[in-house]
Amino acid sequence: MKKIAVLTSGGDAPGMNAAVRSVVRYALSQGVEVLGIHRGYHGLLHGEIEVLNRRSVSDIIDRGGTFLKTARCLEFKHEEVRAQAYEILKEKGVEGLVVVGGDGSFMGAYLLSKFGISTVGIPGTIDNDLPYTDYTIGFDTALNTILDSVRKLRDTSSSHERVSIVEVMGRNCGDLALYSALAGGAEAVIVPEYPFNREELCQRILDSKKNNKLHSLVILAEGAGSAEELTKYIQEKIGLDTRATVLGHIQRGGIPTARDRVMASLMGKKAVDILLKNGVCAKVVGIKDNLVFDMDIEEALKIEKNFDKDLYDLVNKLV
Ligand code: F6P
């Protein structure tokens with residue numbers, strides 16, 4: 001293989017730049033030319049493609065976001081649109097494509113491979129919602145961003161002896177909520193994967209008040225409800241001063257942590273190795289037990305997430 005391309009797709013995630021940098025520089029070290037596609041599949045369809053050299057990826061390893069820009073491309077669901085994308089890649093002499101993104105982006109890569117081009121997915125999403133891998137790029141940075149906010153909320157919330165409901169991102173996955181609740185010492189965590197009783201939560205908050213706790217912090221995953229709505233319920237039910245904070249897109253930005261940069265760099269290299277060693281394939285790379293591995297995209301997308309009930313129970317035991 002003499003020429004590959006790389007794109008970032010779906011929601012951006014801190015560490016995507018480090019992944020692209022690794023793909024570019026490692027591929028060049030193996031004598032392979034690299035094209036960068038701007039704005040994901042959308043940019044591919046519109047020919048937003050440039051040659052990347054070692055300098056193109058200078059000074060991006062510690063930058064959040066993605067310098068290639070990203071987009072969600074709904075048209076890519078149509079076969080004729082993917083056929084068009086394949087023709088554009090073929091015309092440019094591209095034999096392999098690396099896609100940094102989440103499950104929707106991987107599905108696009110898988111379907112594109114059916115035209116006869118190799119594709120490899122690198123997991124890049126703050127949600128950590130790809131069950132085939134223990135880890136997705138951006139999760140660690142987002143988690144630390146949440147914890148920074150939680151630390152600040154604790155100051156004001158304990159000064160006013162309030163209840164603080166913090167809504168975090170994650171789509172239908174509760175990992176950001178679960179890990180930030182554990183690391184942030186929350187009173188309770190509410191996730192989409194496990195049923196939750198609001199009356200019990202109110203009772204728990206009242207009990208901790210009786211035990212002289214100055215404030216209560218509840219982490220709510222966005223997929224499990226709305227902070228505004230829960231806040232209203234708690235105020236009406238037990239009359240305690242309660243505030244809602246929706247962290248929103250703050251969670252997607254920021255300097256990538258060392259962990260995100262290292263994982264991204266390792267997976268970038270692995271993606272290139274797969275393209276160079278395999279015939280036409282559709283693979284994903286991931287992390288299992290701290291080791292980089294790969295598997296077929298088709299298989300990876302079938303795996304269902306196991307909810308970590310032990311972690312959930314631990315949050316509740318450590319209050
Ligand atoms: O998938 C990443 C994510 O940040 C989710 O946590 C969130 O639900 C969604 O993207 C927000 O999407 P958008 O940036 O399109 O509003």
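In each ligand, atom 1 is the first atom listed, and ligand 1 is the first ligand listed.
Among all protein heavy atoms, the one lying closest to atom 9 (C) of ligand 1 is Arg171 NH2, 3.6 Å. If you check which protein heavy atom lies closest to atom 8 (O) of ligand 1, you get Glu222 OE2, 2.5 Å. What sits closest to atom 15 (O) of ligand 1 on the protein, heavy atoms only, is Arg72 NH1, 2.5 Å. Looking only at heavy atoms of the protein, atom 16 (O) of ligand 1 is closest to His249 NE2, 3.3 Å. Scanning the protein for heavy atoms near atom 3 (C) of ligand 1, the closest one is Arg252 NH1, 3.4 Å.
Here atom 6 (O) of ligand 1 lies nearest to Asp127 when heavy atoms of Asp103, Asp127, Ile126 are compared.
Of the inter-residue distances, the one linking Glu187 atom CD with Ile165 atom CD1 reads 10.5 Å to the nearest 0.5 angstrom.
Around the CD atom of Glu50, the shell of radius 6.0 Å holds more than 12 heavy atoms that belong to other residues, nucleotides or ligands.
Taking 4.0 Å as the cut-off between side-chain N and carboxylate O, Asp241 and Arg243 count as a salt-bridged pair.
Counting only distance, with no hydrogens or angles, the side chain of Glu161 and the backbone of His215 share no donor-acceptor pair below 3.5 Å. Between the side chain of Asp308 and the backbone N or O of Leu311, at least one donor-acceptor pair lies under 3.5 Å.
Inclusion of Met169 in the set of residues having an N or O under 3.5 Å from an N or O of ligand 1 is not warranted.
The closest approach between any non-hydrogen atom of Gln251 and ligand 1 is not below 4.0 Å.
Phe67 does not carry Arg21 over the face of its six-membered ring by the limits of under 6.0 Å from the centre and within 45° of the normal.
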